[in-house]
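This report refers to the structure that appears directly beneath it.
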Amino acid sequence: MSQLLRAVLMLIGLMVACAATHPSVAASLEDLYSSQTIVNGKYEKNRQAGFKRCLDAVLIRVSGDQRLPAKPEMVALRDKAGSFVASFSYRDRMEGIPNHDDQGTYDRPHNLYCQYRPADIDPVLALLGSRPWLAERPRLAVFLATERGTRHFALDADDERGVLMRESFGNAAAPLAMQVAFPTAALLSQAGLADQALRNTEMTKLDTIAKKAGADQALSGSLVWSDKELGWIADWRLAMAGKTYMWHVRGVSFDEAFRVAIKGATQILSGNGQPE
């Protein structure tokens with residue numbers, strides 16, 4: 001085989017290898033630099049309002065910093081939110097359901113999907129004193145004790161009582177590019193972690209058990225219903241670099257309690273400090 005042919009074959013091999021690996025990296029970045037919201041119809045006015053919400057969402061998704069939307073610089077940035085969008089698309093949330101009248105043609109709710117380029121978003125983060133969080137995001141095992149009156153249980157991967165809660169946790173994690181897992185009832189039993197015991201278990205022990213649940217580390221919490229607060233009282237814990245962080249929320253739905261949990265965890269894990 002001639003040297004020229006050998007060189008050509010090596011070059012082709014490198015090109016194939018790059019083609020095989022590059023799409024996965026690009027797909028990962030493409031997913032990270034995206035966001036979505038709900039708008040009523042495809043009116044320009046509604047689209048521009050959606051662009052503003054999507055800008056807030058993608059900045060938080062990329063950086064993990066939940067404080068960014070409150071920055072004073074965001075007022076001016078939202079006014080030109082559409083200029084940061086590389087592409088957008090819609091999905092009819094009532095797809096397959098016939099319109100009742102002509103008005104419904106325009107007012108049907110749609111998901112608005114926005115795609116961004118790192119070259120456009122990263123300078124915005126820098127302007128806000130933030131940065132992209134590009135490290136692989138840890139999968140969190142949720143250890144949650146719930147209590148409502150005389151009813152109490154530990155959320156696990158199997159119990160029918162926790163179906164809606166598990167789904168809600170997943171919905172809270174997705175916008176922040178996070179993933180959650182839940183320990184099985186057998187795993188909790190083997191570790192001696194009944195719902196009451198979860199509240200006082202050291203995070204180091206929970207982090208060890210989290211790995212057995214197919215996760216990287218633990219997110220621990222308690223959820224107690226309060227008639228006085230007309231909602232749930234939620235307390236959360238997560239350990240990082242030898243420090244245990246704690247945060248809470250009161251008088252909310254469990255959907256909001258789980259959003260607070262994931263936002264707080266993301267805030268900590270991204271290196272942006274104590275959840276507010």
Side-chain angles (χ1 to χ4, degrees), residues 19 21-97 99 103-137 170-179 255-256 258-260 262-267 269-272 276:
T21 58
H22 184 265
S24 63
V25 175
S28 177
L29 279 178
E30 182 178 359
D31 178 65
L32 185 61
Y33 283 81
S34 65
S35 61
Q36 61 177 286
T37 189
I38 299 174
V39 295
N40 288 324
K42 298 182 179 180
Y43 294 108
E44 175 67 18
K45 179 180 179 181
N46 291 351
R47 180 162 61 247
Q48 293 303 321
F51 284 162
K52 293 180 180 181
R53 294 193 296 273
C54 279
L55 178 62
D56 283 14
V58 76
L59 292 174
I60 294 174
R61 181 178 174 87
V62 172
S63 70
D65 191 346
Q66 313 300 309
R67 302 166 298 183
L68 297 186
K71 297 262 187 176
E73 296 90 340
M74 285 301 302
V75 176
L77 289 169
R78 290 189 189 102
D79 286 340
K80 55 180 181 180
S83 68
F84 301 111
V85 179
S87 63
F88 66 91
S89 61
Y90 291 100
R91 185 180 69 81
D92 188 346
R93 292 177 62 85
M94 298 175 67
E95 186 176 7
I97 301 176
N99 295 323
Q103 180 68 24
T105 302
Y106 302 101
D107 291 338
R108 289 164 70 95
H110 286 70
N111 284 354
L112 171 63
Y113 299 94
C114 291
Q115 189 65 52
Y116 301 86
R117 299 186 186 94
D120 295 324
I121 293 300
D122 292 357
V124 176
L125 291 174
L127 176 67
L128 297 170
S130 188
R131 66 197 185 286
W133 177 32
L134 300 180
E136 183 176 354
R137 307 208 166 174
N171 291 338
L176 296 174
M178 297 290 289
Q179 295 184 48
D255 291 314
E256 178 60 19
F258 298 161
R259 283 190 287 267
V260 168
I262 296 296
K263 287 178 180 178
T266 306
Q267 180 85 10
L269 294 167
S270 61
N272 285 296
E276 298 179 355

Smallest heavy-atom separation, F84 atom then D120 atom, equals CD2-O, 4.1 Å
Step-by-step side chain to side chain contact (heavy atoms under 4.5 Å, CB included) determination, R131 to N272: CA-CA 10 Å; R131 66 197 185 286; N272 285 296; 4.1 Å; yes
Output yes when a side-chain donor or acceptor of Q115 lies under 3.5 Å from a complementary backbone atom of Y33, and no otherwise. yes
Grab the two heavy atoms, one from L176 and one from R137, that are nearest each other, plus how far apart they are. O-NH1, 2.9 Å
How many angstroms lie between OG in S87 and OH in Y113, if you round to the nearest 0.5 Å? 13.0 Å
pair D255-N171: side-chain heavy atoms closer than 4.5 Å: no
Value rounded to 0.5 Å, distance of CD1 in I38 from CG in N111: 5.5 Å
Taking atom CG of L55 and atom OG of S35, what is their separation to the nearest 0.5 Å? 8.0 Å
If the condition is salt bridge (charged side-chain N to carboxylate O under 4.0 Å, His left out), which residues does R53 pass it with, not counting sequence neighbours? none
Would you give the length of the straight line joining atom NZ of K52 to atom CE of M74, rounded to the nearest 0.5 angstrom? 10.5 Å
Any chance you could lay out the side chain to side chain contact (heavy atoms under 4.5 Å, CB included) test for D65 and L128, step after step, and finish with the verdict? CA-CA 10 Å; D65 191 346; L128 297 170; over 6 Å; no
Identify the two heavy atoms, one from T266 and one from G64, that lie closest to each other, and give their separation to 0.1 Å. CG2-CA, 3.6 Å
So how far is it from R47 CZ to T37 OG1, rounded to the nearest 0.5 Å? 14.0 Å
Return yes if some donor-acceptor pair links the side-chain N/O of N46 with the main-chain N/O of N40 below 3.5 Å, else return no. yes
For the residue pair S34 and V58, what are the closest heavy atoms and their distance? N-CG2, 3.8 Å
If you count every heavy atom of other residues, nucleotides or ligands that lies below 6.0 Å from E136 atom CD, does the total exceed 12? no
Heavy-atom pair of closest approach, residues S63 and W133: O-CB, 3.6 Å
Give the intermediate values and the outcome of side chain to side chain contact (heavy atoms under 4.5 Å, CB included) for residues E276 and Q66. CA-CA 9 Å; E276 298 179 355; Q66 313 300 309; over 6 Å; no
Test: side chain to side chain donor-acceptor pair (under 3.5 Å). Region: residues 68-80. Which pairs qualify, not counting sequence neighbours? D56-R78
Distance, nearest 0.5 Å, that separates OG of S130 from CD1 of I121: 11.5 Å
Minimum heavy-atom separation for A174 and R61, please, with both atom names. O-NH1, 2.8 Å
